[in-house]
Chemist: 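Take this structure, written in structure tokens, and hold onto it; I'll ask about it next.
Values reported hereafter were calculated over all heavy atoms of this structure, with side chains retained and with hydrogens, waters and symmetry mates removed. In this text, all values refer to a predicted model and were calculated from it rather than measured experimentally.
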Amino acid sequence: MNQVLSKPPSMQADLAACRRDFPALSLQINGSPLVFLDSAASSQQPNSVIDAVANYHRNSHANVHRGVHTLSHRATEAYEGARDVIAAFIGAGNRSEVIFTSGTTESINLVAQSFCRPMLARGDTILLTHLEHHSNIVPWQLLCDQTGAKLLVTPIDETGSLDLAIFDKQIAGGVSMLAMAHVSNALGTVLPLEHMISRAHEHGVPVLVDGAQAVPHMDVDVKSLDCDFYAFSGHKMFGPTGIGILYARSEHLERMPPYKGGGDMILEVRFDGTTYNELPYKFEAGTPNISGAVGLGAAINYMKSIGMDRIAAHEADLLTYMTQRLSEIPGIRLIGTAKTKASVQSFLLDDIHPHDLGTILDHQGVAIRTGHHCAMPVMEFFGVPGTARASLALYNNRDDIDRLVSSLTKAKEIFG
Amino acid sequence: MNQVLSKPPSMQADLAACRRDFPALSLQINGSPLVFLDSAASSQQPNSVIDAVANYHRNSHANVHRGVHTLSHRATEAYEGARDVIAAFIGAGNRSEVIFTSGTTESINLVAQSFCRPMLARGDTILLTHLEHHSNIVPWQLLCDQTGAKLLVTPIDETGSLDLAIFDKQIAGGVSMLAMAHVSNALGTVLPLEHMISRAHEHGVPVLVDGAQAVPHMDVDVKSLDCDFYAFSGHKMFGPTGIGILYARSEHLERMPPYKGGGDMILEVRFDGTTYNELPYKFEAGTPNISGAVGLGAAINYMKSIGMDRIAAHEADLLTYMTQRLSEIPGIRLIGTAKTKASVQSFLLDDIHPHDLGTILDHQGVAIRTGHHCAMPVMEFFGVPGTARASLALYNNRDDIDRLVSSLTKAKEIFG
Amino acid sequence: MYKMSTDELRELYRELILDHARSPRHFGKLPEVTHSADGLNPLCGDKLKLYLRIGDDDRIQDAAFEGSGCAISVASASLLTDTIIGMRPTEAQSFAGALIHRLTGKQTNVELGKLRALEGVREFPSRIKCATLAWHAMNSAIRQDKVPASTE
Amino acid sequence: MYKMSTDELRELYRELILDHARSPRHFGKLPEVTHSADGLNPLCGDKLKLYLRIGDDDRIQDAAFEGSGCAISVASASLLTDTIIGMRPTEAQSFAGALIHRLTGKQTNVELGKLRALEGVREFPSRIKCATLAWHAMNSAIRQDKVPASTE
Ligand SMILES: Cc1ncc(COP(=O)(O)O)c(C=O)c1O
Ligand SMILES: Cc1ncc(COP(=O)(O)O)c(C=O)c1O
């Protein structure tokens, strides 16, 4: 059949409307309209998230799970409803595999302490990559201190890609746990998860994926990824601070001892012995971050209303534009040039220290991050104390990048 | 000198104005105006807190500590400013003794794992009281499982007071740690902290106080209490969920290993060894609950604008009134009748199960909590499966209590 | 004072429910138990133990329960014992399925008989768990689960 | 494009600062060090090592530094070495105190000389730590602290 389809509105024009949903994006900074290129550190919130949190507190707040009155029931529905939204969003098989934590960092610590600590013996090996954020390094170092296990690290090359040949050997050499980022926050590299997870599983190695930098930018399906654990943070995906998720296979969760003790994670408490609650509550001790969960649910609904595919396409287009415009600046050094990348570009300009660049850009209203990006080993690899990093989210556009480029030119002027 | 002072406005009339600051208190529930008598589970928020959180996200959000741009600076100032407000509010000597956690539960787990776990040996004793909330029991049980330490419990009497004669013997018998509530959430008993802490310290025993039910109701000064650790939650003191505080003496914090690993709690990360950040950051891994801290700061400013003394006096008056009105109902059994009490009254009516009472009251717009209140050992002591509990906050008034009493009468009617 | 309709409350606490709550049938231990299970509702502390004797004829010959709970959960357990004695385990399970279905607001063709007295909970979402607890426990007793049934 | 005043930026990056940042004085190791300290600014990764030689005459006979950092922190360290050589340690400490005071926006009577070039940071609160890092490190070297100085 021959149908004439109306042309879809252009991607650029279409996501431009989203920009108005984010009140912070209309701020004036040092006399100029804000250009926010620091979403990899933490994203801005749309009105729908800000309002969901405020309205929750106006109309539906009480403690969850334990109350028979109306507000307590509303709060429980709101909190557990958010869990359903999240479970569906990441393709978890079962809502009880979705644990609310305070963020990616806590999710990873939970896995290190409850899953790994009891099973590790002196000399056992945990495999990481050289790309990891400190939050996916330090919990494992603490664990090594506690158990006598040791770290093994898959190296990267000059583009910021993993050396898969070495990885294949390492994973086959008797490893107890593999923990790695989905997307590197310092370089933007997207890791070849499919390959790595299937290799790991061939050798019986459980896999934790740090998805903090992936979930805001691409469609993530934990079931098809086939990972054992997947961790991410609300505040990087347009949601509130203080809330994050650990997805974990229920077969693991069932065997793991609780991470924290307290209210809500128990069925029965007696001084001579306590029975733990069922999943996911066994891992949610104490009053949870209810409004944080509500806000995260609203953030996901917002992202779904746009569509992850459109977000990914828009950002891919922008990243290409940004990389191209930056590379035209004389004296620029791009750091992180892997083939498969998402949403982030690190760079250095002449011998201007990134911190000075950051100040000069901020003075023109352009917010970028400078420094080690909580990835000191990456900095060490490239032999730099830090980089300047521009990172994208669905609300950025080509104007933002033009402003970035022109303010870098100004920095060159000042430093003569 | 003979001065004529203008009479202060009556307490009742005065705090009545506060009520309008809390939007949830104007809700209609099942056709009746809400009577909220469940603040011990979680309190409602004044507009100033709701707005502080929303405005933070509209005008000042970015990640903290790590950024050179304006928003990051604003966020850091807001977050660290909240720490200053909290430190001053509880009389901490030093802002670095104030650690942001996700709530009382996490604060207690932190102390159990980082302070106690390394120092405990098999057979060592942790002393609790029979009044504790599960959040001040289960973390110690997990610790006992991990270390072979054992629990010792100070008993209570029929009024819900501690048996101090037994406590004095127990604390002298070689105890490694004392952990106890400031105010019991199930019974309202105010514990004799001064006596207990000085006995503990005479015997060199460090003391953790679970202040979740104290901070919203009375002036707390950790320095004059002289405790080693003091834990509380934002959501019980008109602030957000997902944020809480651990106050700890810096001499302890300095010696304690980190609780969680991640970004922000380090100075330098290398795969062959990591240097931790200074206090308080060593204990704040990952992106913190920035807006939660901001909201908690606003909640404290709200409480200070009323004055803790006035809040305490108002609630003392109300509690007396409530206890008296309840005790006039035929068939009532008051649970928790200690001499020194705050803000809470548990009770049973005839042989109506508390859960049924809760439903009938809710149907009339009256929100109370029913069940074990996360204090099963207390329920066991009184030989009841649970109680009905009405709990007060600064915004309650005598009308609320009259509504409570008349809806209890209705319950008696229905159950004939 | 505020006026409000108490019709829904009267629906929830019908005479039959209050009667079973005050004088539960088959309350106590059962001799020669073949199947049993604990039911636990952490929300309100309802806690019951359900006993079944399933005969060689694949019939539930006797049923009883112990424990404490709110009026709804006790009445429901009492009505359960009244109802399932004489049924085949599979029949009892499918009846339980239909009842739970109905109480959570869905349609069912099964004739619920006097169990319809429990339908008042549909207006009280936080009480549905109380009404279904005994039935979850029965299912778990028949399946011979190792962990206590809960309604979460 | 947007127009904005770059006066404040020019204040921050004065010629003297840029000059010291490009060609830091006393950069490198020092023979016969008596006191040293590390300075670390976790925010931006500034990292420097400060060396002092304090003589028997209670004078700072020589000073040098190594490391990497932003223009502000390198210039500040370079200016520091220029300034403190010849001072008594207590003098250097009180000068450091006055400077830090001034850079955080307070008044001071001490004559800061060419260190006034650092005053531009007062308009850039997030950069004050860069300007003061070397001075904190110097204090810690003189006190012979065991832990690296940091500006937090
Ligand atoms: C006395 C007491 N301790 C601890 C807690 C636990 O607090 P949270 O659930 O906020 O961690 C509570 C409240 O639930 C409480 O009342
Ligand atoms: C890749 C990656 N992992 C982990 C984290 C830590 O997340 P959070 O600070 O929210 O716990 C971040 C962000 O800071 C990140 O970018």
Chemist: Tell me, side chain or backbone of A/F22 under 4.5 Å from chain B's heavy atoms, or both, or neither?
Modeler: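 A/F22 has no heavy atom closer than 4.5 Å to chain B.
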
Chemist: Counting only heavy atoms closer than 4.5 Å, note whether B/Y276 contacts chain A via side chain, backbone, both or neither.
Modeler: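 Interface part for B/Y276: side chain.
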
Chemist: What part of A/R117 is in contact with chain B, defined as an atom under 4.5 angstrom from a non-hydrogen atom: side chain, backbone, both or neither?
Modeler: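 When you check distances to chain B, only side chain atoms of A/R117 fall under 4.5 Å.
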
Chemist: Against chain B, label A/V269 side chain, backbone, both or neither, depending on which of its atoms sit under 4.5 Å from a heavy atom there.
Modeler: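 For A/V269, the contact with chain B is made by backbone and side chain together.
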
Chemist: Applying salt bridge (Lys or Arg N to Asp or Glu O under 4.0 Å), name anything that partners A/D362, two or more places apart in sequence or on another chain.
Modeler: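 Residues passing salt bridge (Lys or Arg N to Asp or Glu O under 4.0 Å) with A/D362: none at all.
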
Chemist: Using the ring of each side chain (for Trp, its six-membered ring), is A/H134 parallel, tilted or perpendicular to A/H372, with breaks at 30° and 60°?
Modeler: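 Aromatic pair A/H134/A/H372 classed tilted.
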
Chemist: For the candidates B/S102, B/A285, B/G103, which exhibits the highest count of non-hydrogen atom pairs separated by less than 4.5 Å from chain A?
Modeler: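 The answer is B/A285.
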
Chemist: Under a 4.5 Å heavy-atom cut-off, does chain A meet the side chain of B/I290, its backbone, both or neither?
Modeler: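 Both parts, backbone and side chain.
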
Chemist: Check for a donor-acceptor pair, side chain of A/K236 on one end and backbone N or O of A/A40 on the other, with a separation under 3.5 Å.
Modeler: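 Checking the backbone N and O of A/A40 against the side chain of A/K236, a donor-acceptor pair under 3.5 Å is found.
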
Chemist: So which residue, B/Q113, B/H73, B/Q44, ends up with the most heavy-atom pairs under 4.5 Å with chain A?
Modeler: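 With the most close heavy-atom pairs to chain A, the winner is B/Q44.
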
Chemist: Do A/K260 side-chain atoms and A/L110 backbone N/O form a donor-acceptor pair below 3.5 Å?
Modeler: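 No; zero donor-acceptor contacts below 3.5 Å.
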
Chemist: With only heavy atoms counted, which part of B/R74 is less than 4.5 Å from chain A, the side chain, the backbone, both or neither?
Modeler: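 When you check distances to chain A, only side chain atoms of B/R74 fall under 4.5 Å.
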
Chemist: Report which part of A/D51 has an atom under 4.5 Å of a heavy atom belonging to chain B: side chain, backbone, both, or neither.
Modeler: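 When you check distances to chain B, only side chain atoms of A/D51 fall under 4.5 Å.
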
Chemist: Counting distance only, does the side-chain N/O of B/S32 pair as donor-acceptor with the main-chain N or O of B/Q28 below 3.5 Å?
Modeler: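 A pair under 3.5 Å: no.
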
Chemist: Checking A/F36 against chain B: side chain, backbone, both or neither under 4.5 Å from a heavy atom?
Modeler: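 Only the side chain of A/F36 comes within 4.5 Å of chain B.
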
Chemist: Using only atom types and a distance under 3.5 Å, with no angle test, would you say the side chain of A/S72 pairs donor to acceptor with the backbone of A/N63?
Modeler: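 Side chain of A/S72 to backbone of A/N63, a donor-acceptor pair under 3.5 Å: yes, one is there.
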
Chemist: Give the member of B/T359, B/L71, B/L151 that has the highest number of heavy-atom pairs under 4.5 Å with chain A.
Modeler: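 When all of B/T359, B/L71, B/L151 are compared, B/L71 has the most.
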
Chemist: Give a yes or no on whether the backbone of B/G263 and the side-chain of A/S135 come within a donor-acceptor separation of less than 3.5 Å.
Modeler: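 Pair found, side chain donor or acceptor close to backbone of B/G263.
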
Chemist: Heavy-atom distances under 4.5 Å only: say whether A/H130 touches chain B with side chain, backbone, both or neither.
Modeler: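 Interface part for A/H130: both.
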
Chemist: Of the backbone (N, CA, C, O) and the side chain (C-beta and beyond), which part of A/N59 lies under 4.5 Å from a heavy atom of chain B, both, or neither?
Modeler: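 Contact with chain B is through both the backbone and side chain of A/N59.
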
Chemist: Look only at the side chain of A/T76 and the backbone of A/H65, and say whether a donor-acceptor pair between them is shorter than 3.5 Å.
Modeler: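 At least one qualifying donor-acceptor pair exists.
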
Chemist: At a heavy-atom separation under 4.5 Å, does A/S43 approach chain B through its side chain, its backbone, both, or neither?
Modeler: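 Contact with chain B: backbone only.
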
Chemist: Using modelled atom types only, decide if a donor and an acceptor are shared between the side chain of A/N185 and the backbone of A/H373 within a distance under 3.5 Å.
Modeler: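 Yes; at least one donor-acceptor contact below 3.5 Å.
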
Chemist: Among A/T241, A/T104, A/T101, find the one that has a side-chain hydrogen bond (donor to acceptor under 3.5 Å, both in side chains) with A/S233.
Modeler: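 Looking at A/T241, A/T104, A/T101, the match for A/S233 under the side-chain hydrogen bond (donor to acceptor under 3.5 Å, both in side chains) is A/T104.
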
Chemist: Do you know which of A/G292, A/G262, A/P240 has the most heavy-atom pairs under 4.5 Å to chain B?
Modeler: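 Among A/G292, A/G262, A/P240, the one with the most close pairs to chain B is A/G262.
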
Chemist: Any donor-acceptor pair under 3.5 Å linking the side chain of A/D210 with the backbone of A/A212?
Modeler: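 Checked: pair present.
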
Chemist: If you tally heavy-atom pairs under 4.5 Å against chain B, which of A/A367, A/A75, A/P257 wins?
Modeler: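 Top option by heavy-atom pairs under 4.5 Å: A/A367.
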
Chemist: By a 4.5 Å heavy-atom criterion (distance strictly below it), what part of A/L128 contacts chain B: side chain, backbone, both, or neither?
Modeler: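 Looking at A/L128, just its side chain touches chain B.
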
Chemist: Among B/S26, B/A62, B/A41, B/G358, which residue forms the greatest number of heavy-atom pairs with chain A at distances under 4.5 Å?
Modeler: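 Ranked by heavy-atom pairs under 4.5 Å with chain A, first place is B/A41.
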
Chemist: Against chain B, label A/E132 side chain, backbone, both or neither, depending on which of its atoms sit under 4.5 Å from a heavy atom there.
Modeler: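 Neither part, no heavy atoms under 4.5 Å.
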
Chemist: Got a donor-acceptor contact below 3.5 angstrom from the A/Q141 side chain to the B/T274 backbone?
Modeler: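 No, the answer is negative, given that no donor and acceptor are paired below the 3.5 Å cut-off.
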
Chemist: Can you check whether B/F100's main-chain N or O pairs, donor with acceptor, with B/E284's side chain at less than 3.5 Å?
Modeler: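 Confirmed, B/E284 side chain pairs with B/F100 backbone.
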
Chemist: Which one of B/L34, B/L25, B/I29 has the most heavy-atom pairs closer than 4.5 Å to chain A?
Modeler: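 The option with the most such pairs is B/I29.
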
Chemist: By a 4.5 Å heavy-atom criterion (distance strictly below it), what part of A/H133 contacts chain B: side chain, backbone, both, or neither?
Modeler: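 A/H133 touches chain B through side-chain heavy atoms alone.
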
Chemist: Counting heavy-atom pairs under 4.5 Å to chain A, which of B/I243, B/I368, B/I108 comes out on top?
Modeler: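 Looking at each of B/I243, B/I368, B/I108 in turn, B/I368 comes out on top.
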
Chemist: Taking side chain as everything from C-beta outward and backbone as N, CA, C, O, which of these in A/N289 sits under 4.5 Å from a heavy atom of chain B? Side chain, backbone, both or neither.
Modeler: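 When you check distances to chain B, atoms from both the backbone and side chain of A/N289 fall under 4.5 Å.
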
Chemist: Side chain, backbone, both or neither: which part of A/L361 has a heavy atom under 4.5 Å from chain B?
Modeler: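 Neither the backbone nor the side chain of A/L361 comes within 4.5 Å of chain B.
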
